[in-house]
Amino acid sequence: MNKHYHNRTKMVHGGTRRSQYGEVSEALFMTQGYIYETAENAETRFLESRDDDFIYSRYGNPTVAMFEDRMALLEGAEDCFATASGMAAVNGALVSCLKAGDHVVASRALFGSCLYILEEILPRFGVEVTFVNGLDLAAWECAFKSNTKVCFFESISNPNLELVDIPKVVEIAHSHGALVIVDNVFTTPVFSKAFEFGVDVVVYSATKHIDGQGRALGGVILGKKEFIRKKVEPYMKHTGGAMSPFNAWVMLKGLETIELRVKAQAKSALKISQILEKSPHIKKVIYPGLPSSKQHNLANEIISGYGTVITFEFVKGKAAAFKFLNKLEIVIISNNLGDAKSIATHPATTTHQRLTEKQKDDLQISEGLIRLSVGLEDTDDLINDVSSALRTL
Ligand SMILES: *Cc1c(COP(=O)(O)O)cnc(C)c1O
């Protein structure tokens, strides 16, 4: 695939492997294994399998390989490994390059399951983790030690949409010899410039914008060929976190439309955030695209679009938030994001319910907070839905 084509072209054609039948739409190779012409052929394939020599679908599969190559083109990565879910990607990226005695520095504002890996699992295997406020550059600088091997953060945090200053944190991490692994879900691969700023490894939950239609779980780990093939692949292929060919096929189809979808969703999100800002019932609206946002200038520097999620806080707390949610007609109450369907979530009682009061305070997850993932419905219909629900308060 010509590197100079634009993303929309790459997302329709990139990575395609056609079978002898010359199918137009990518084939779904729903197979566990592959046959060998001769016993000698099997022996050589096991001895040294080259690109596209498949031997078992936990190791690799043609449909999964098409998805991996297309993802690498979108993110501008040398290589990609697809995983069963976003969490398999986060776990694979971290565990494949850490060992007992190593130290990790991570931002505190993390997706619950990422926090669980760093707080509960890694320490059991002798990996020490220090958490910092991701916005505080001095805190990042202080946290690194001689044995720090990895620096991990979400480029835009959930649910408060805080942007980490990627170029500055990369500079600090690299000056201490640490690898930078970024969970880039809220930025989306459409708006990401992570590799331009020297990030070493990017992970996505493909369950979000990459599928974009709420159908399947998946994840990807993107980075240098050396890292993906020497560290990630051996770990993933022997521990079983491979993506199913069926899910890879769903994701491939998702990539065909990802740029159109995410840009349309972000456009609606900006308009809705402006409506929300005017409501007397709302204390604060967080969306990096709002000129009033404290992080608007940083956003303009480090991402090429503002994302599809808005977070806002009701003056009258949980009662108002619940009343608002129950009055919505188009927007559904659920907890996915990046979906074609607009989805509203009350983090304090759902996704972040298990946090202690102190943790919720630290992460500013108040009872009045709502996270809205803006979908593909007509923008005016969404604005009317949100405005009508606000009027009932
Ligand atoms: C959803 C999500 C994950 C986990 O992805 P799954 O596909 O659900 O395993 C990890 N990080 C972030 C930021 C997410 O939003």
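Ligands are counted one by one from 1 in listed order, and the atoms in each one are counted from 1 as well.
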Check ligand 1 against [X] and write out every atom of the ligand that is under 4.0 Å from a heavy-atom position of the residue.
X: T207; answer: 6 (P), 7 (O)
X: G86; answer: 5 (O), 6 (P), 7 (O), 9 (O)
X: G218; answer: 7 (O)
X: M87; answer: 4 (C), 5 (O), 6 (P), 9 (O), 10 (C)
X: S85; answer: 7 (O), 9 (O)
X: E154; answer: 13 (C)

So which protein heavy atom does atom 8 (O) of ligand 1 come closest to, and at what separation?
->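 I find the closest protein heavy atom is S205 OG, 4.2 Å.
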Kindly identify the option in D183, N184, N336 whose heavy atom sits closest to atom 12 (C) of ligand 1.
->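 Heavy atom nearest to atom 12 (C) of ligand 1 belongs to D183.
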Report yes or no: do E26 and T63 form a side-chain donor-acceptor pair below 3.5 Å?
->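 Side-chain D/A pair, E26 to T63: absent.
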State plainly whether the residues D79 and K224 are in salt-bridge range, i.e. N to O under 4.0 Å.
->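 Looking at K224 together with D79, the answer is no, because their closest N to O distance does not fall below 4.0 Å.
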Can a salt bridge be assigned to the pair E277 and K284 using a cut-off of 4.0 Å between side-chain N and carboxylate O?
->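 Salt bridge absent between E277 and K284.
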Have a look at K358 and tell me which of D362, D361, T356 forms a side-chain hydrogen bond (donor to acceptor under 3.5 Å, both in side chains) with it.
->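 In the set D362, D361, T356, the residue that makes a side-chain hydrogen bond (donor to acceptor under 3.5 Å, both in side chains) with K358 is D362.
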Could you label the plane-to-plane angle of the Y59 and H238 rings as parallel, tilted or perpendicular, counting under 30° as parallel and over 60° as perpendicular?
->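 Judged by the thresholds at 30° and 60°, the geometry between Y59 and H238 is perpendicular.
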